[in-house]
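Remember, it's 1-based here, ligands and their atoms both numbered in the order they're listed. Model, not experiment: these values are computed from the prediction.
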Amino acid sequence: MKAAVLHGKRDIRMENIPNPKVEPGSIVIKVRACGICGSDLHIYRQGDKAGLILGHEFSGDVYEIGAGVADFKKGDRVTGVGFRPCGECYWCKQGMTARCSNMKLAGDHFAGAMAEYVLLPNAQLNRTVFKLPDTVSYEQGATVEPVSVGSFSVRRAKVAPEDTCVVIGAGIIGLGIVQVLKAVGVKKVIAAGRRASRLKAAKESGADMIIDAAKEDTAAAVIKATKGLGADVVFECAGQQATFDQSLKIARGGGKVILVGLYEQPVTWKPIDATNKNLTLIGILGGHFTSTMEYMASGKVNTKPLISHTFPLDKAPEAFATQSDAPDAIKVMLKM
Ligand SMILES: [Zn+2]
Ligand SMILES: [Zn+2]
């Protein structure tokens with residue numbers, strides 16, 4: 001099969017390699033679309049996982065079904081999460097493999113989906129593999145994973161319609177959160193970001209107010225918009241010291257700060273700022289797939305405007321350069 005293989009720093013090459021072999025408990029998927037994630041970019045820039053096939057945001061058709069796997073037939077349109085649980089930790093022993101503490105991830109520890117076929121170990125319907133509704137395209141299907149992080153964040157934040165919610169960071173996860181907040185009926189959603197194309201997408205995603213963080217001070221703009229009170233819930237999706245500081249500053253007394261962005265660097269902070277305001281800080285790892293697909297099927301969430309570029313699999317090197325460097329890139333997608 002054709003596969004995009006990492007060779008080193010910013011070096012992805014197309015290769016012909018053997019197809020993955022189906023194993024008991026697994027399925028092989030014929031990949032139809034695969035998005036490039038921020039974490040793929042991180043590995044691409046580091047370049048130290050030579051030989052790896054990246055990609056964990058995918059959709060495709062069930063192609064081969066391993067022994068012991070029920071609930072699927074060849075040709076089912078699906079998306080999913082590829083991981084190998086260790087089988088030995090506390091969680092695995094309870095049968096809660098999704099919480100495995102030594103989990104190996106597709107596209108990080110073993111071959112991901114930027115190839116014609118991908119193996120998904122541990123295939124379980126509605127736990128690791130999800131059937132796509134007919135109305136959800138393969139491209140949208142490949143965005144279920146990143147948007148599911150948004151659905152999960154909104155669920156954990158327990159938002160109410162009258163809450164003022166601020167989303168800092170207008171990448172696909174922040175934009176997904178904006179759409180999910182509108183889908184669940186939140187009346188006031190404020191989005192802050194830095195790139196023109198992403199701010200436009202935030203508007204199209206339903207944000208009621210946009211802050212161009214390259215031009216104005218996010219914290220001051222939110223304080224002004226909330227008449228000095230601050231926001232009920234802040235979704236911090238940028239993962240930077242400055243945006244972390246802003247989140248604590250703009251959350252109202254008793255408010256919530258939802259930590260969604262992946263911080264590559266440590267931050268310094270004064271916990272007393274959170275204590276003095278009775279803040280709740282919530283960390284997010286994981287996604288909620290089924291609600292995300294329901295929002296997509298009903299049209300309440302539409303990721304089509306968030307897919308800024310598509311490339312055929314053969315052009316994976318160009319696709320990575322685009323996701324990494326093009327100022328107008330939101331989600332770059334490979335199509336197979
Ligand atoms: Zn990702
Ligand atoms: Zn485990």
Partner of Asp61 by salt bridge (Lys or Arg N to Asp or Glu O under 4.0 Å), out of Lys73, Arg32, Lys30 | Arg32
Indicate every side-chain donor-acceptor pair of residues 214-221 with a distance under 3.5 Å to a residue at least two apart or in another chain.
{"from": "Glu216", "atom 1": "OE2", "to": "Asp212", "atom 2": "N", "distance (Å)": "3.4"}
{"from": "Asp217", "atom 1": "OD1", "to": "Ala219", "atom 2": "N", "distance (Å)": "3.3"}

Here the pair of heavy atoms bringing Val167 nearest to Cys237 is CG1-SG, 4.1 Å
Relative to the ring of Tyr117, is the ring of Tyr63 parallel (under 30°), tilted (30 to 60°) or perpendicular (over 60°)?
-> tilted
Please report the shortest heavy-atom distance between Pro305 and Asn302, naming the atom on each side.
-> CD-O, 3.3 Å
Near the Zn ion (ligand 1), which protein N/O/S atoms are found at less than 2.8 Å?
-> Cys37 SG, His56 NE2
Can a salt bridge be assigned to the pair Asp208 and Lys187 using a cut-off of 4.0 Å between side-chain N and carboxylate O?
-> no
